[in-house]
Chemist: 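Following this message is one structure expressed as structure tokens.
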Number of protein chains: 2
Amino acid sequence: MCWPTVVGMPLKNHPAPASAPAAADAPAPRRSDATRTAILAAARERFAADGYERATIRAIAKDARIDPSMVMRYYGSKEGLFAAVLDVDLRLPDPAAVDPHDVGRVLVSHFLDLWEENEVLTAMLRVGVTNQTGAERMQGIFRDQLSPVVQRTCPDPEQAPTRAALCASQLLGLALARYVLRIEPAVALHRQEIVAWLGPTVQRYLTAPNP
Amino acid sequence: MCWPTVVGMPLKNHPAPASAPAAADAPAPRRSDATRTAILAAARERFAADGYERATIRAIAKDARIDPSMVMRYYGSKEGLFAAVLDVDLRLPDPAAVDPHDVGRVLVSHFLDLWEENEVLTAMLRVGVTNQTGAERMQGIFRDQLSPVVQRTCPDPEQAPTRAALCASQLLGLALARYVLRIEPAVALHRQEIVAWLGPTVQRYLTAPNP
DNA sequence: CAGCGATGTCAACCTATGTTGGCAAACAAG
DNA sequence: CTTGTTTGCCAACATAGGTTGACATCGCTG
């Protein structure tokens with residue numbers, strides 16, 4: 001019988017069952033890797049464009065030019081596929097490495113890069129809004145990636161969660177208006193305008209004394 | 001045969017077909033009005049809680065303690081029901097009536113009221129993110145209700161759309177984090193904290209000179 | 001009471017979709 | 001070449017959900 005594959009380990013895109021004890025960390029490439037990544041890419045686009053429910057496995061499979069049953073074999077279920085898509089690393093900059101007066105602007109700029117480099121974040125937001133799993137994933141990213149960085153930036157570590165939440169509200173709100181709802185003037189904004197307007201806001205949420 | 005009812009006029013919750021030319025503006029109350037509003041209330045909650053796809057007509061009907069086919073009779077289709085739910089009036093205050101230095105705080109405060117008075121806005125956001133109709137409705141509200149108010153507040157009317165979009169990004173972002181994604185610290189924030197933090201931000205987006 | 005529209009229930013249809021199992025072709029090992 | 005494994009496709013199942021049409025009931029009107 002073939003592998004029950006990825007079921008049970010949906011968090012990493014390239015599992016390494018290590019059938020032969022060859023190199024301790026070489027992922028033992030399989031012939032089907034191309035298919036796997038094709039599925040993942042198609043899924044990312046569909047989830048980003050349609051959200052969880054409307055992104056059908058059949059449509060994703062069609063985009064990836066394979067049979068729907070392949071999705072099941074390699075990712076176990078629709079939930080599993082979705083979990084594999086959402087393996088996101090924000091690669092946030094180390095606040096210690098940037099001018100303390102520029103943290104706001106740097107953060108905004110970095111987020112714009114993230115949203116525009118591919119559609120993972122759009123997918124996560126679209127799904128997170130109607131899907132429990134997606135919402136939890138976003139909470140996790142907030143907690144594990146944004147909050148710690150904010151903690152090393154703001155004056156009183158006590159307030160880090162609150163300040164991080166305020167930053168998140170502004171950054172997510174822009175993404176929502178610009179990339180998801182496509183509210184016209186938000187789409188029309190130029191990159192440097194966004195940085196110039198939101199940078200000080202985020203900066204204030206990070207470092208200003210309590211209002 | 002009974003009425004093809006609301007189909008084709010989904011925008012108002014209480015249509016007035018005026019079968020008898022009684023009073024020119026009395027909506028001619030029907031015996032079924034209770035059912036209609038029950039459906040609407042149940043639909044609002046379901047759409048708010050589950051989004052468009054997962055909010056099934058069957059579930060809504062069950063909540064309203066009626067048969068699914070009634071929903072079809074009174075609202076024509078699921079889309080029609082949804083359109084009826086989203087008849088939203090933000091009742092934004094006239095900016096001329098408030099202290100120009102307080103517009104930001106007043107707006108934030110007003111939005112908090114709106115989000116907490118019932119679940120219509122949550123429903124609209126949840127649906128707008130995955131549903132074209134919903135997104136268009138949000139764009140419409142932005143254009144017809146928020147933008148005009150901003151126009152009468154900000155210095156250069158040219159910039160009104162941009163400034164309105166910035167305000168929307170912050171207000172929607174907070175709602176997203178607090179009421180939809182339920183990011184913990186955003187939920188924990190007290191009302192006056194939100195007003196104190198976001199008020200100045202919105203104020204700046206409205207009236208500050210170009211950054 | 002008879003007739004009629006409005007209101008409500010029930011059962012069924014039809015499509016879309018997640019999911020499963022069997023089978024064929026490609027490929028690697030012996 | 002033979003055998004076992006991997007990769008892929010196809011057909012089918014089961015279910016859920018929007019939608020429809022037939023029928024019962026109620027309340028009003030003549």
Side-chain angles (χ1 to χ4, degrees), chain A residues 1-7 10 15 17-20 22 27-39 42-43 46-47 50-84 127 130-131 133, chain B residues 1-7 10 15-20 22 27-39 42-43 46-47 50-84 127 131 133:
Chain A
M1 181 187 290
C2 45
W3 272 68
T5 327
V6 185
V7 183
S19 51
R30 307 184 238 199
R31 192 155 43 94
S32 59
D33 278 357
T35 307
R36 289 177 139 85
T37 57
I39 294 175
R46 282 286 175 178
F47 282 134
D50 302 336
Y52 189 79
E53 337 288 336
R54 303 165 79 113
T56 71
I57 289 198
R58 281 172 159 92
I60 292 170
K62 195 169 185 181
D63 288 358
R65 299 162 177 276
I66 46 90
D67 189 89
S69 61
M70 301 300 294
V71 177
M72 304 305 294
R73 178 172 300 169
Y74 291 140
Y75 295 96
S77 70
K78 190 177 180 179
E79 273 282 337
L81 173 61
F82 173 64
V127 174
T130 44
N131 182 284
T133 310
Chain B
M1 181 188 293
C2 46
W3 271 69
T5 329
V6 185
V7 182
S19 50
R30 307 183 238 200
R31 194 155 39 95
S32 59
D33 277 356
T35 307
R36 288 178 140 81
T37 57
I39 294 175
R46 282 284 176 179
F47 282 135
D50 302 336
Y52 188 78
E53 336 287 336
R54 302 165 80 113
T56 72
I57 289 198
R58 281 171 157 93
I60 293 171
K62 196 169 184 182
D63 288 357
R65 298 161 177 274
I66 45 90
D67 190 89
S69 61
M70 302 299 292
V71 177
M72 305 304 294
R73 180 173 305 176
Y74 291 140
Y75 295 96
S77 70
K78 190 178 180 179
E79 273 282 335
L81 172 61
F82 173 64
V127 174
N131 182 282
T133 311

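This one's a predicted model, so the numbers in the text were calculated from it and none came from an experiment. The sequence lines fix the lettering, A, B, ..., with proteins before strands; numbering per chain opens at 1.
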Chemist: Under 4.0 Å: is that the gap between some side-chain N or O of B:Ser77 and OP1 or OP2 of D:dG18?
Modeler: no

Chemist: Please list, chain by chain and in numerical order, all residues satisfying side-chain contact (heavy atoms from CB on, under 4.5 Å) with B:Asp50, sequence neighbours excluded.
Modeler: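 Testing B:Asp50 for side-chain contact (heavy atoms from CB on, under 4.5 Å), a comparison that skips the adjacent residues, returns B:Arg46, B:Arg54, B:Ala55.
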
Chemist: Nearest-nucleotide wise, let me know which of A:Glu53 and B:Ser32 is further upstream toward the 5' end of DNA chain C.
Modeler: B:Ser32

Chemist: How close or far is atom P of D:dT7 from atom CD1 of A:Ile39, stated in whole angstroms?
Modeler: 11 Å

Chemist: Take the C1' atoms of the five end pairs on each side of the helix from C:dC1-D:dG30 to C:dG30-D:dC1, derive the two axes, and give their angle rounded to 10 degrees.
Modeler: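 Between the axes fitted at each end of the helix from C:dC1-D:dG30 to C:dG30-D:dC1 lies an angle of 10°.
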
Chemist: Tell me if a side-chain donor or acceptor on B:Tyr75 pairs with a main-chain N or O of B:Arg36 at a distance below 3.5 Å.
Modeler: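 Flag set: sc B:Tyr75 to bb B:Arg36 pair under 3.5 Å.
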
Chemist: Between atom NZ in B:Lys78 and atom P in D:dA16, what is the gap in whole Å?
Modeler: 15 Å

Chemist: Can A:Thr133 and A:Glu79 be counted as having a side-chain donor-acceptor contact under 3.5 angstrom?
Modeler: yes

Chemist: Roughly, in whole Å, what's the span from CZ in A:Arg36 to P in D:dT6?
Modeler: 11 Å

Chemist: Check whether A:Ser32 reaches the backbone of A:Thr35 with its side chain - one donor and one acceptor, N or O, closer than 3.5 Å.
Modeler: no

Chemist: Specify the separation, in whole Å, of atom CZ of B:Arg54 and atom C1' of D:dG18.
Modeler: 18 Å

Chemist: Where is the tightest heavy-atom contact between A:Lys78 and A:Glu53, given as atom of each residue plus distance?
Modeler: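 It is NZ-O, 3.6 Å.
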
Chemist: Expressed in angstrom and rounded to an integer, what is the separation of B:Met72 atom CE from C:dG8 atom C1'?
Modeler: 16 Å

Chemist: Whole angstroms only, please: what is the CG-P distance between B:Asp50 and D:dA16?
Modeler: 16 Å

Chemist: A:Phe82 vs A:Tyr52 aromatic rings, parallel, tilted or perpendicular, using cut-offs 30° and 60°?
Modeler: perpendicular

Chemist: To check you understand the geometry: which heavy-atom pair defines the closest contact between B:Ile39 and B:Ile60, and what is its length?
Modeler: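 Where B:Ile39 meets B:Ile60 most closely, the heavy atoms are O-CG2, 4.0 Å.
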
Chemist: To the nearest angstrom, how far is B:Ile57 atom CD1 from C:dG8 atom P?
Modeler: 17 Å

Chemist: So A:Met70 and A:Asp67, do their side chains get closer than 4.5 Å, heavy atoms only?
Modeler: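 A side-chain contact exists here, since the closest heavy-atom pair is under 4.5 Å.
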
Chemist: Give the rounded distance in Å between these two atoms: CZ of A:Phe82 and C1' of C:dG18.
Modeler: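 Value for this atom pair: 16 Å.
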
Chemist: Which heavy atom of A:Met72 sits nearest to which heavy atom of A:Ser77, and what is that distance?
Modeler: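 Of all heavy-atom pairs spanning A:Met72 and A:Ser77, the closest is CE-CA, 3.7 Å.
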
Chemist: Could you go over nucleotides 9-12 of chain C and give all protein N or O partners under 3.5 Å, atom names and distances?
Modeler:
from, atom 1, to, atom 2, distance (Å)
C:dT9, OP2, B:Asp67, N, 3.3
C:dC10, N4, B:Asp67, OD2, 3.4
C:dC10, N4, B:Ser69, OG, 3.1

Chemist: Side chain of B:Tyr74, heavy atoms from C-beta onward: which of D:dT19, C:dG8, C:dA6 has the nearest atom to it?
Modeler: C:dG8

Chemist: If you pin B:Arg31 and A:Tyr52 to their nearest nucleotides in DNA chain C, which one's is more 5'?
Modeler: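 Closest to the 5' end, via its nearest nucleotide, is B:Arg31.
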
